[in-house]
Structure formats: C-alpha cells, structure tokens
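Everything on this sheet refers to the single structure shown next.
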Amino acid sequence: MSRTTVDRIVLAGFVVLAVLLYISTASYPGIAQKTSAKYVRFLSVCLGGLGAVQLGLSLWKDRRGVPLALTEHVGRFIGLIAGLIAFAVAFNTLGFFIPAAVFIPVISVMLGQRSPIVIAGTTLGLLVAVYLIFVVVLGIRLPGPHF
C-alpha cells in the first residue's frame, strides 16, 4: 500500500468522523444544545472541511508510487509519543497554555524545524488562535495552572 493511499483513507475517515460527530449533536439534551453542541459542531465542520479539502487536493494532484515507510523514523515517533504523554501529565497541574508553550517548540524541533523565528511564530500564533477561538469566541474556560 502506498503512502498516498493511506493518506486518502485517513482523510476520508476524518470526513466520515466529522459527519457522524455533527449528526450526534442532535441528541444532546436541553442546555447542551446551546453550549457543548455548538463547540462540537464547530470542531466537526473544521475537521470535515479541512479533511475534504486535503482529500480533494490529494486526488487532484494524484501523486503515485510513494511507498509507505513505517520503520524509517522510529526514534522520532517514540519521541513524539513521549512528548504527548509528558504534555498530558503536565496538563493536569499546569493547565493548557504553559505545557503547550513548551510542547509546540520541542515537537517542532523533533520534526526537523530549525528556524527559531518560524518556531516562535508558530507557537505564538497557535496559542493566540486557541485563546481567541476557545476563550473569546466560544467562551470556554481552558484549564489553568494549579499551584
């Protein structure tokens, strides 16, 4: 199986998941329709929309024959898993923003990014976007530090 085929299967799965997630919000009870359902619908539209765009671009470009190499970067994969676990553990005590401000640059370096300007800009941009979308627009209180 080629990498392109796997990518397309995963992207199609994301689109199906997004549709199912959106449909599931109809069964949310009472007050959840005005709060949680809006949030889940927002996420499902974003996931489905981005997945559909990426799938469309992949089909339009039609790159063939790139083999899937699962064992090429095992160390990097294990490092990413360890980073996710460390983020989850730190999330309990430090909330979202502090661990994310550390996690994003570390993962960027692990994935091969070397430009400090790009890493800082990406980290700052993601944190500001999360703050604006979740805290300001959706009114969701993200976990903060527990000292």
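Atoms CD1 and CG, from Ile9 and Leu55 in turn, are 11.0 Å apart once rounded to the nearest 0.5 Å. In this structure, the separation between CG on Leu124 and CD1 on Ile119 is 13.5 Å, given to the nearest 0.5 Å. Taking CG of Leu127 as the start and CG of Leu132 as the end, the distance is 11.0 Å to the nearest 0.5 Å. To the nearest 0.5 angstrom, Leu47 atom CG is 9.5 Å from Leu11 atom CG. Once rounded to the nearest 0.5 Å, the distance linking OG1 of Thr123 with CZ of Phe103 reads 11.0 Å. In this structure, CG on Leu80 lies 11.0 Å from CD1 on Ile85, to the nearest 0.5 angstrom.
Other residues, nucleotides and ligands contribute over 12 non-hydrogen atoms within 6.0 Å of the CZ atom of Phe97. Environment of CZ in Phe14: sparse, with no more than 12 heavy atoms of neighbouring residues, nucleotides or ligands closer than 6.0 Å.
Contact annotation: the side chain of Arg8 approaches that of Leu59 to within less than 4.5 Å [non-hydrogen atoms, C-beta and beyond]. Counting heavy atoms from C-beta on, the side chains of Phe42 and Ile133 come closer than 4.5 Å. Between Ile104 and Ser108, some side-chain heavy-atom pair lies under the 4.5 Å cut-off. The shortest distance between side-chain heavy atoms of Val109 and Arg114 falls below 4.5 Å.
The aromatic rings of Phe96 and Phe91 sit perpendicular, their planes meeting at an angle over 60°, well past the 30° parallel limit.
At least one donor-acceptor pair under 3.5 Å links the side chain of Ser27 to the backbone N or O of Ser24.
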